[in-house]
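Working notes, structure below.
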Amino acid sequence: MAETVSGLESLWRGIGHAIAPGVALWLRRRVTQGKEDAARLGERAGIASLARPAGLLIWSHAASVGEAMALLPLLQRLQAARPDIALLITTGTRTSAATVAARAPGLLHQYLPSDLPQAVDRFFAHWRPNLVLWSESELWPGLLAGAARRNIPMLLLNARMSERSCRRWQRVPGIARWLLAGFETIYAQSQADAERYRALGAVDVQSLGNLKLAAPPLPTDEAALAALQAQTAGRRLWLMASTHPGEDETTAAVQQAVAARHPGLLGIVVPRHPERGPAVADALRQAGLKVSRRAAGEAITAETDIHVADTLGELGLWYRLCPVAVMGGSLIDHGGQNPMEPARLGRAVLFGPHMFNFSEIAAALLARGAALQVPDAASLGNELARLLGDPVALAAMGQAGAAFAAEQNSVLDKTEQAVLQRLQKL
């Protein structure tokens with residue numbers, strides 16, 4: 001096995017050296033597209049922009065906003081329980097970096113280095129982590145191998161593995177075992193996830209539950225909420241949360257269909273990536289709707305059909321404003337977004353057929369009567385119009401979601417204890 005691991009790592013590093021120039025060009029192009037922070041691009045090459053504190057250091061990684069939101073409450077608890085240990089978190093997107101800065105300013109943050117040999121080596125040489133906490137399912141071979149070669153213990157937290165991903169990994173079982181071999185323990189979101197990891201060769205796998213179920217409510221600015229409530233008083237509202245390309249036309253069609261039954265209807269659209277705001281607004285205007293954009297400083301007026309909320313860190317504001325939320329990414333083959341965020345705030349939840357990234361959460365909310373799943377845009381419009389005309393049913397869905405969310409808080413407790421026990425061995 002040692003020879004296989006060594007051979008695979010050597011092969012991966014060789015590939016990394018070969019593609020390094022192309023990756024550098026790709027990153028520079030992302031800077032021009034606004035997808036990378038030009039001032040911190042060196043972090044992608046493993047060049048740290050912060051000093052390493054003395055003493056023990058835990059490095060955790062969360063790929064994007066959803067993973068970071070699930071991990072931050074755990075890291076904040078660890079920070080309180082072990083103030084002697086420095087906490088570094090890496091993320092992969094500008095949005096997630098902004099989320100960390102806003103919600104956990106006491107943590108060290110860096111962008112994840114590219115999974116290339118020089119970047120990986122620079123990263124480990126500078127940060128020298130004593131424990132690594134990976135999150136969910138984003139596994140980078142070079143970084144995993146680099147930690148294993150340096151004998152740095154690793155835990156995989158909140159691990160998930162869809163049936164589709166498991167089938168793909170089973171086609172390359174040797175590589176799957178190589179990637180998973182470095183983890184001392186894998187803490188899976190569910191028993192089904194745990195079984196899939198075991199099927200791929202993982203040895204110590206436990207199911208503690210899903211940290212995304214235990215995340216605290218998204219924050220909000222109470223003054224901004226009060227101002228928006230005054231602007232929208234007397235109107236029926238609905239929210240399209242965290243939308244992706246391909247869902248703008250659906251949003252327009254649903255708004256028009258429901259507004260025909262509920263005159264004065266106001267839709268709020270939150271693009272998953274705020275830089276899409278102008279494009280979303282253009283698509284909605286082309287459909288004949290009157291649109292305003294928050295990032296452009298355009299207020300909601302009596303004539304506004306849809307308000308595009310293309311700002312960072314305000315999703316909690318819109319969930320509190322609107323009694324019903326439709327999950328973006330579920331009307332296209334993306335896999336949905338986290339329905340627990342609106343449910344925890346007592347909002348009714350609707351989603352389309354594609355919720356495979358949150359299949360178990362979606363199933364639980366459906367079983368509790370906290371959510372509705374629809375097959376297409378026409379059905380979404382019908383169900384949304386029905387609920388907006390039935391405030392009792394709408395409130396009952398929201399109450400069911402909030403009750404379910406309150407039952408999930410033990411997951412964070414169990415995960416915290418697992419990590420603290422491992423820290424005692426350092």
Side-chain angles (χ1 to χ4, degrees), residues 64-66 68-70 72-73 93-105 212 215-244 247-248 251 255 264-278 280-281 284 291-302 304-329 336-351 370 384 387-388 394-395 397-399 401-402 405:
S64 58
V65 173
M69 293 292 289
L72 287 180
T93 66
R94 296 188 69 180
T95 307
S96 54
T99 299
V100 172
R103 302 207 64 185
K212 286 183 175 176
L218 295 178
T220 193
D221 181 325
E222 294 296 340
L225 177 59
L228 285 165
Q229 288 171 333
Q231 288 180 32
T232 60
R235 300 183 68 175
R236 289 186 171 92
L237 294 92
W238 71 288
L239 174 67
M240 274 290 291
S242 297
T243 63
H244 295 261
E247 294 181 309
D248 302 333
T251 301
Q255 170 68 22
L265 177 73
L266 174 65
I268 306 292
V269 182
V270 181
R272 178 65 173 172
H273 301 289
E275 63 269 18
R276 280 210 321 118
V280 173
L284 297 173
V291 181
S292 60
R293 277 183 54 225
R294 186 163 179 83
E298 299 166 355
I300 298 171
T301 68
T304 304
D305 296 313
I306 289 189
H307 184 64
V308 179
D310 51 346
T311 51
L312 284 172
E314 291 194 310
L315 191 53
L317 173 68
W318 307 111
Y319 280 140
R320 287 172 174 83
L321 182 69
C322 302
V324 57
V326 180
M327 303 316 301
Q337 299 298 155
N338 187 2
M340 282 298 292
E341 292 175 346
R344 185 169 290 279
L345 289 167
R347 275 25 195 168
V349 181
L350 282 77
F351 42 74
L384 186 58
L387 285 171
L388 289 173
L394 193 63
M397 285 182 67
Q399 291 165 4

Is there a donor-acceptor contact under 3.5 Å from the side chain of [X] to the main chain of [Y]?
X	Y	result
Arg344	Ala405	yes
Arg236	Leu265	no
Arg347	Ala343	no

Side chain to side chain, [X] and [Y], heavy atoms closer than 4.5 Å:
X	Y	value
Asp248	Val269	no
Arg103	Pro216	yes
Thr304	Val291	no
Leu228	Trp318	yes
Glu341	Leu315	yes

Straight-line distance of [X] [atom1] to [Y] [atom2], nearest 0.5 Å:
X	Y	atom1	atom2	answer
Leu384	Trp238	CG	CH2	6.0 Å
Asp305	Gln255	CG	CD	5.5 Å
Thr220	Leu317	OG1	CG	4.0 Å
Arg94	His273	CZ	NE2	13.0 Å
Met327	Asn338	CE	CG	6.5 Å

Might you point out which heavy atoms bring [X] and [Y] nearest each other, and give the distance in Å?
X	Y	answer
Gln337	Ser242	CG-CB, 3.5 Å
Pro217	Arg320	CB-NH2, 4.0 Å
Val324	Leu237	CG1-O, 3.9 Å
Arg272	Ser64	NH2-OG, 4.4 Å
Thr95	Pro274	OG1-CD, 4.1 Å
Ile300	Arg235	CG2-NH1, 4.3 Å

**OP:** Just do the side-chain contact (heavy atoms from CB on, under 4.5 Å) check on Leu225 and Leu321 with the steps written out, would you?
**Re:** CA-CA 7 Å; Leu225 177 59; Leu321 182 69; 4.2 Å; yes

**OP:** Step by step, work out the side-chain contact (heavy atoms from CB on, under 4.5 Å) result for Met340 and Lys212.
**Re:** CA-CA 7 Å; Met340 282 298 292; Lys212 286 183 175 176; 5.8 Å; no

Subject >> Check: Thr93/Ser96 side-chain N/O donor and acceptor closer than 3.5 Å >> reply: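 Yes.
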
Would you tabulate the side-chain donor-acceptor contacts of residues 292-299 under 3.5 Å, counting partners in other chains and residues two or more places apart, or write 'none'?
from: Ser292; atom 1: OG; to: His307; atom 2: ND1; distance (Å): 2.6
from: Arg293; atom 1: NE; to: Asp310; atom 2: OD2; distance (Å): 2.7
from: Arg293; atom 1: NH2; to: Asp310; atom 2: OD2; distance (Å): 2.9
from: Arg294; atom 1: NE; to: Glu314; atom 2: OE1; distance (Å): 2.6
from: Arg294; atom 1: NH2; to: Glu314; atom 2: OE2; distance (Å): 3.2
from: Glu298; atom 1: OE1; to: Arg293; atom 2: N; distance (Å): 2.7

**OP:** With side-chain contact (heavy atoms from CB on, under 4.5 Å) as the test, would you mind laying out the steps for Ile268 and Ile306 before giving the verdict?
**Re:** CA-CA 6 Å; Ile268 306 292; Ile306 289 189; over 6 Å; no

Original post:
So Val270 and Thr243, side-chain contact (heavy atoms from CB on, under 4.5 Å) or not? Walk me through it.
Top reply: CA-CA 6 Å; Val270 181; Thr243 63; over 6 Å; no

